[in-house]
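Some notes on the structure that comes next.
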Amino acid sequence: MEDIKAKLERKGPYTWVIPREKGMRVPGVLYVSERLLEKALADNAVVQVVNVAHLPGITRYSLAMPDVHWGYGAPIGGVGAFDAESGVIVPGFVGYDINCGVRLLRTNLKAADIKSRLEILLGGLFQEIPSGVGSTGQLKLKKKELEEVVAEGAGWAVRKGFGTPADLSNIEENGCLKGADPESLSQRAVERGLEQLETLGSGNHFLEIQEVVEIYDESIGKVFGLFPGQITVMVHTGSRGLGYQVCDDYLVRFGKAMTKYELSVPDRQLACAPVNSYEGQQYFQAMKCAANYAFANRQMISHLVGQTFRRVLGLNESQLGLAVVYDVAHNICKLETHLVDGQPRKLYVHRKGATRAFAASHPEVPQHYRAVGQPVIIPGTMGTASYILVGTEKAMAETWGSTCHGAGRTMSRHEAIRVSRGRSIAEELARQGILARAASRSGLAEEMPAAYKDVDEVVAVVEGAGLSRKIARMLPLAVMKG
DNA sequence: ATGTTC
């Protein structure tokens, strides 16, 4: 680890390069402050950035965002693009929670409108939205319906009456990765998906009632429908057991494919397959199915949020004005076109704990946001701020249109539980004016604010590095933890 | 993240 530190070359205030050597096919690039660099070195995430740089077909560099930390095989906070002809696809570089992501909902409400009703609102959300490990939803899908969900994504939910077509235009890829073939899913993955739609899950997944406390760019804030004092709701969840099973299934299959295609990687957890192979494309299909399931899940949960708010506050739909600002994935692999040496190239962009941040005028940014750029949603952790950013040209040029995804852990779950022994995290948050409830007591401890890096610093680094710009900052009023 | 070690 110390020897890696000695080799780092500083290229800018927030940019360090790990020069290419030995088996590395490309250099590594870290977007970090000095303090965040120390953290990345301390948990060996920098070694994982180097490991990723060894993979076949990786193009230009192996990237790390400021919230980088140790993950399965590839670092969380890592970004890498692989040539669509000669590259590989890497389940460990997407992660177990495929399309873990965040959605921001805005309302017509101001904080003063709901302050006295927060406790009952939070109780209502717990009643409506199942949370915690292994939780199951109201719907029990038939296999045929599950196949529709994974093929159609959020559009399936809208077709069934959960939300409106306007919601879809405010979701990455309109809430559906095309060409998701349910045949790529194992029986077990299908079974796990049948009962878990419209559930929040556990770990760092949460649902939060927030207040917009600062707008950094008034005109873009208006385009996103945000104003100071406004109530927003943030939903952070993913593809639940279905996505987990997809990752598990294909890690096993890729172990065999590695021998068949004579691939070798520095860490078995980086098991991969040529992206153009049968196995590689099967994984890509299954990953799309899981991603679509997650888009549908966040869409269903939004509907339940609206239902709860209207019931508890006695409002009609137009009074509440619940609308999707945006919905983005931060664990996903996408086939995208980017300029490499001035030429457009098809690349499989892996973002693991990293968020797409496309600039203004990009055709994949929704029409109504195209003049300003894609909204980027950065969830903080309980008791800390969340942000809305916007994508930039510099992100397009340097990071395949990517930025950070959140605070990023600094303590392991185990360590957080140890440190918080004898303390009540709920009471500590209450003293800060934040109402917090969790499906389990240990869940709250694992996710305590001190277990995470400083989200304000992470966001300051991506802004300082030019990878995105701050538009708004929100603070939590009430938190529902899985 | 995860029917948290099928």
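All chains are named by letter (A, B, ...) in the order of the sequence lines, taking the proteins before the strands, and each is independently numbered beginning at 1.
Remark: A:Glu211 pairs with no residue by the side chain to side chain donor-acceptor pair (under 3.5 Å) rule, at least two apart or across chains.
For A:His236 and A:His405, the gap between ring centers reaches or exceeds 6.0 Å.
Looking only at distances, no side-chain donor or acceptor of A:Thr384 sits under 3.5 Å from a matching main-chain atom of A:Gly380. With A:Ser184 contributing its side chain and A:Ala286 its backbone, the two residues share a donor-acceptor pair below 3.5 Å.
Atom NE2 of A:His414 is separated from atom C1' of B:dT4 by 14 Å (rounded to the nearest Å). Across the protein-nucleic acid pair, A:Arg441 atom CZ and B:dT4 atom P stand 23 Å apart, rounded to whole Å.
Of the residues near DNA chain B, A:Val133 and A:Gly203, the one whose nearest nucleotide (by heavy atom distance) lies more toward the 5' end is A:Gly203. Where A:Tyr96 and A:Arg188 meet DNA chain B, the nucleotide closest to each residue was compared, and A:Tyr96 sits on the side nearer the 5' end.
Across all strands shown, A:Gly241 has heavy atoms under 4.0 Å from sugar-phosphate atoms exclusively, and none from any base. Heavy atoms of A:Arg240 sit under 4.0 angstrom from primed sugar atoms or phosphate atoms, though from no base atom. Among the protein residues, A:Glu191 comes within range of no part of the nucleic acid, since none of its heavy atoms lies under 4.0 Å from any strand. The residue A:Ser202 sits close to a base: some heavy atom pair falls under 4.0 Å.
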